[in-house]
Amino acid sequence: MAKPKKKPYNPAEVEEKIYKLWMKSGYFNPDKLKKTGAKKPFVILLPPPNVTGSLHMGHALNATGSDILIRWQRMKGSLAAWLPGIDHAGIATQRVVEKKLRKKGINKLELGREKFLKEVWSWKEEHGDIISGQLKKLGASCDWSRNRFTMDPQYSKDVLETFVHYHKKGLIYRGLRTINWCVRCHTSLSDLEVEYREEGSSLYHIKYGPFVVATTRPETKFGDTALAVSPKDKRYKKYIGKEIEIETLATDGDLAKPRKIKMKLKVVGDTAVDPEFGTGVLKVTPAHDILDFEISQRHDLPIVQVIDRRGKMSEGAGKYEGMKVDEARKKVVEDLKAIDLLIKEKPYHHRTAVCYRCNSTIEPLPSKQWFMKMDKLAKVAAEIVKKKKTVIIPKNFEKGYFSWLNNIRDWCISRQLWWGHQLPVWFCKNNEDEFIVSVKQPAKCSVCKKCKPQQSEDVLDTWFSSALWPFAGLNKKDQKTFYPSSVLTTARDIINLWVGRMIFSGIEFKKKTPFSTVLIHGTILAKSGQRMSKSLGTGIDPLDLINQYGADATRFGIIWQSMGTQDIRWDESAVVAGKKFTNKIWNATRFVMGQIDKKETFNANLKKPRATKPFNKKILAQLEKTKKGVEKDISNYQFGQALHKFYEFFWHNYCDVCLEKAKNNPSKETSKVLFYVLVESLKLAHPFMPFVTEEIYQSLPLKDKKLLMIKKW
RNA sequence: GCGCGUAUAGCUCAGUGGUAGAGCGCUUCGUUGACAUCGAAGAGGUCCCAAGUUCGAUCCUUGGUACGCGCACCA
């Protein structure tokens, strides 16, 4: 006779049901948790994923770590609160919606700001919950009743009030400066939003009168307003402060006939110039290079713009006007060669600035933008970490943090986008540069006393609003309970972009650092060691893993590989191990239940049974040791180590030895011990593998049992 | 350029100043009572290289090499 097939544990049948059970219980919400006697807040902020995002391995790693901490603390009796939310992600979202409209043949500009924003909002309504749903699939026990969006009315109000606050304090100003301009997104970017890409290019040596200048960007030469040398450079000392006459490329006349023209250029001495580089002479092009702009400010040099906002040569470039920058470079080099001003061309490895969102070239351009003065705030942010009010784990990231803060420039906070928090700035219609800063629209202009001022078209940098994440949009009572939070777990690439800014914002507005610990987890890489990315085809979708192996197995697989804060070369075999392990727990339970008298029920407050038999004594001792080890590891954020300990105990001590012994020595004592160890194991495993443990727990013959999720640790 | 990290089994990684470990994979054997998503047994390692400290180094020190990452205004 054929043996009936046994059914292994099937996560698909269990997970959704269990998540609903948790949601229905309300214990994700600390208000409800309070009724169980929980008092001491333990708060984690979910780094708000972009509204455009969908769950990737980084999110999954981050969320699993946070969920382990939150579930552990909840079981330990803390008032555990995991506050989720979504970031409006200015540039990213605007791009997505623009693309979508373009496919339908709709142009953003034709549509107009108001209608475009309507489109973005409806896109948000449609997509805004996707990532929350994916986090739920992973088992994340966030307090969804407090789900925030960075453009919720209250959140937006807090953002605008922050702007007004800083402006009143004199920390926000408007100014014309050369800033990073993305020619595709058509907006300014902060220094932190610029990334660099290695590119082979050329270093051109060009004749400038008595000098030779080495540059990678000959096409910007029409915007030169000086030459700069190091004040210490003996070769050039005599020229400093003088005007020299040079021969250069003319911008007028026939494009086909390059010719020379004479012009005068001032020579300045500036310490920013490295005498060792190139020829030691720098052409100062204030409009198209940020360093050059700074030099121009120190020496009071004029700014001549020759490239426009589309990345094309502008009027200042004369006959080259309208050419794309790359084209112009080729042509200018050709022309310089033709008139014997190009000395040589050397291959050169160069790092080109690109937009962190769209990856296209950044063009430094002069533009009127809003800036935040950073010197004082940076000092505050550094102090907090120096004094260990906030501890960054691992410690070596502190170095980068400090070096960023020590060399910081003012933060460009305005963006030329439509999607975001529109600046609470109102311009007088009769005086271009006069404005009023106010959250509400002023009824009458206080400058000209006549007009109805018009709001600035700009919006704020997304990171300006994310900087307020630890408290913005929360009501007063919640702020009191949930600020400051406990641990922030996040990826290393946003330490400065986000974490540092949250720290000084927290001090500015709440007088306390927003979190005592920042845990920087590793990065999950492809097995090849490459970065996981969709475009490289190296990405792994955690949802595929969940569908194939179950959420518990996926979490197991991630945590199994998370040893401390090391990067992870992703290996799916760990998820396979996780699936086997969930099944092992499932089957061990079936065995234990078979050992127990069917009519017997246990008190939910199970006491440690007395053991006389050696193997029973032994397993109880091993359990205690494992508990201690797991507890210690979780406290130290060593999630992988904790999971390995539990695995070793459950599989190799409990199942391989203890259960086998029990087969040959059945007794009342043994079954009591087996049952006790099982229940304790479920508790230990729950933060790591919440679904299967809860499902089993619910099936146990326990009187007055509640949820494993809130079972006392 | 400066800073940081990593190098241990076929793969992904733990670990320890004194016989080297796990998961996955592989080999052989084992299916009538928890589990074949299993059990038992096993193969598989110059612990990157060199020097130093030490009675003893995979571990500590120094110097290399390789790979990865971060920062910077070298035009």
Side-chain angles (χ1 to χ4, degrees), chain A residues 1-10 178 191-192 196 203-204 213-218 220 227-228 230 270-285 288-295 348 350-351 353 364 394-404 406-407 409 492-493 495-496 522-523 525 527-531 549-550 553 556-557 560-595 638 640-641 643-645 647-648 651-652 655-656 659-660 662-663 674 678:
Chain A
M1 208 173 82
K3 228 177 71 178
K5 284 220 167 164
K6 286 170 198 130
K7 268 200 258 171
Y9 171 67
N10 182 0
T178 297
D191 296 335
L192 290 180
Y196 294 87
L203 189 61
Y204 302 94
V213 169
T215 179
T216 54
R217 302 205 58 188
T220 64
L227 293 171
S230 167
D270 197 288
T271 51
V273 181
D274 174 3
E276 303 292 317
F277 186 88
T279 57
V281 186
L282 171 74
K283 69 183 194 67
V284 184
T285 319
H288 301 295
D289 186 286
I290 290 170
L291 173 66
D292 291 8
F293 175 79
E294 284 170 2
I295 294 174
Y348 187 64
H350 186 59
R351 302 181 70 187
K395 201 171 183 293
N396 39 313
F397 286 113
E398 284 181 4
K399 259 194 178 170
Y401 177 76
F402 291 136
S403 91
W404 171 63
N406 287 335
N407 303 308
R409 292 201 180 123
R492 67 170 76 101
D493 47 329
I495 296 175
N496 299 335
T523 305
L525 306 166
K527 198 162 182 170
S528 61
Q530 286 175 293
R531 202 162 252 280
Y549 301 101
F556 179 103
W560 185 257
Q561 300 180 70
S562 298
M563 305 309 289
T565 51
Q566 280 317 318
D567 284 355
I568 295 165
R569 283 185 178 217
W570 181 251
D571 187 354
E572 197 161 308
S573 73
V575 185
V576 172
K579 185 163 172 66
K580 290 181 176 180
F581 193 47
T582 49
N583 197 48
K584 191 72 178 176
I585 298 174
W586 181 258
N587 281 309
T589 306
R590 296 197 327 155
F591 173 76
V592 173
M593 296 323 291
Q595 298 298 107
Q638 304 277 303
Q641 283 85 345
L643 182 57
H644 280 253
K645 280 197 179 101
Y647 180 95
E648 169 70 18
W651 199 307
H652 299 304
C655 293
D656 285 354
L659 261 50
E660 292 304 321
K663 281 180 186 170
L674 287 185
L678 176 69

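Just so it is clear, the model here is predicted, and its values are computed rather than measured. Letters go in sequence order (proteins before strands), and every chain restarts at 1.
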Interatomic distance, A/Trp651 CH2 vs B/G23 P [rounded to whole Å]: 9 Å
How are the rings of A/Trp560 and A/Phe556 set relative to one another: parallel (under 30°), tilted (30 to 60°) or perpendicular (over 60°)? parallel
A/Glu660 has its side chain closest, among B/C13, B/C35, B/C24, to B/C35
Using whole Å, what does the distance between atom C1' of nucleotide B/C74 and atom CD of A/Glu294 come to? 14 Å
If we take the C1' atom in both B/U62 and B/C69, what is their distance in whole Å? 24 Å
Closest approach to the side chain of A/Asp656, judged atom by atom: which nucleotide of B/A34, B/U12, B/G39 is it? B/G39
Sugar-phosphate only, base, or nothing, as touched by A/Leu282 at under 4.0 Å among non-hydrogen atoms: base
Any strand: nucleotide that pairs with B/C2 via Watson-Crick or wobble, under 3.5 Å: B/G70
Where the side chain of A/Gln566 is defined as all heavy atoms beyond and including C-beta, which of B/G39, B/G5, B/C24 is the nearest nucleotide? B/G5
Would you classify A/Lys399 as touching base, sugar-phosphate or nothing, given that sugar-phosphate means primed atoms plus P, OP1 and OP2, and contacts are heavy atoms under 4.0 Å? sugar-phosphate
Taking any heavy-atom pair under 4.0 Å as a contact, classify A/Tyr647: base, sugar-phosphate, or nothing. sugar-phosphate
Candidates B/C35, B/C38, B/G5 - which lies nearest the side chain of A/Lys580: B/C38
Distance check needed: B/C11 P versus A/Trp560 CH2, whole Å only. 19 Å
Please tell me which of the listed nucleotides, B/A34, B/U37, B/C73, lies nearest to the side chain of A/Ala272? B/C73
d(CD, A/Gln638; P, B/A14) in whole Å: 10 Å
Side-chain atoms of A/Asp571 come closest, of B/U37, B/A34, B/U12, to B/U12
Rounded to whole Å, please give me the gap between NE2 in A/His652 and C1' in B/G39. 12 Å
If you look at every heavy atom in A/Thr523 and A/Asp567, which pair is closest and at what distance? N-OD1, 2.8 Å
Select base, sugar-phosphate, or nothing to describe what A/Asp289 touches, counting heavy atoms under 4.0 Å on all strands. nothing
Any base atoms under 4.0 Å from A/Lys663, or only sugar-phosphate, or nothing? Heavy atoms, all strands. base
Would you mind reading off the distance between A/Gln595 atom CD and B/G33 atom P, rounded to a whole angstrom? 14 Å
Using a strict threshold of under 4.0 Å (side-chain N to carboxylate O), is an ion pair present between A/Glu660 and A/Lys663? yes
A/Ser573, nearest nucleotide to its side chain (from B/G23, B/C13, B/A34): B/G23
For B/U46 versus B/A20, give the span between their C1' atoms, rounded off to a whole number of Å. 14 Å
For a quick check of understanding: with a heavy-atom distance under 4.0 Å over all strands, which category does A/Ile295 fall into, base, sugar-phosphate or nothing? nothing
Using whole Å, report how far OH of A/Tyr196 lies from P of B/C2. 19 Å
Salt-bridge criterion met for A/Asp289 and A/Lys283 (N-O under 4.0 Å): no
Has the side chain of A/Lys584 got a donor or acceptor atom sitting under 3.5 Å from an opposite partner on the base of B/C35? yes
Quick one: label A/Ala214 by what it contacts on the DNA or RNA (base, sugar-phosphate, nothing), any heavy atom closer than 4.0 Å. base
What's the CD-P distance between A/Glu572 and B/G25, to the nearest Å? 12 Å
Heavy atoms under 4.0 Å, any strand shown: does A/Arg409 hit a base, just sugar-phosphate, or nothing? base
Touch check for A/Val592, heavy atoms < 4.0 angstrom, all strands: base, sugar-phosphate only, or nothing? nothing
Compare the minimum distances between each of B/A34, B/G23, B/C4 and the side chain of A/Cys655, then state the nucleotide with the smallest one. B/A34
Among B/A34, B/U37, B/C74, the nucleotide that comes nearest once only the side chain of A/Leu659 is considered: B/A34
Which whole number of Å gives the distance between the P atom of B/G45 and that of B/U61? 29 Å
Considering only B/C71, B/U12, B/C35, which nucleotide approaches the side chain of A/Asn587 most closely? B/C35
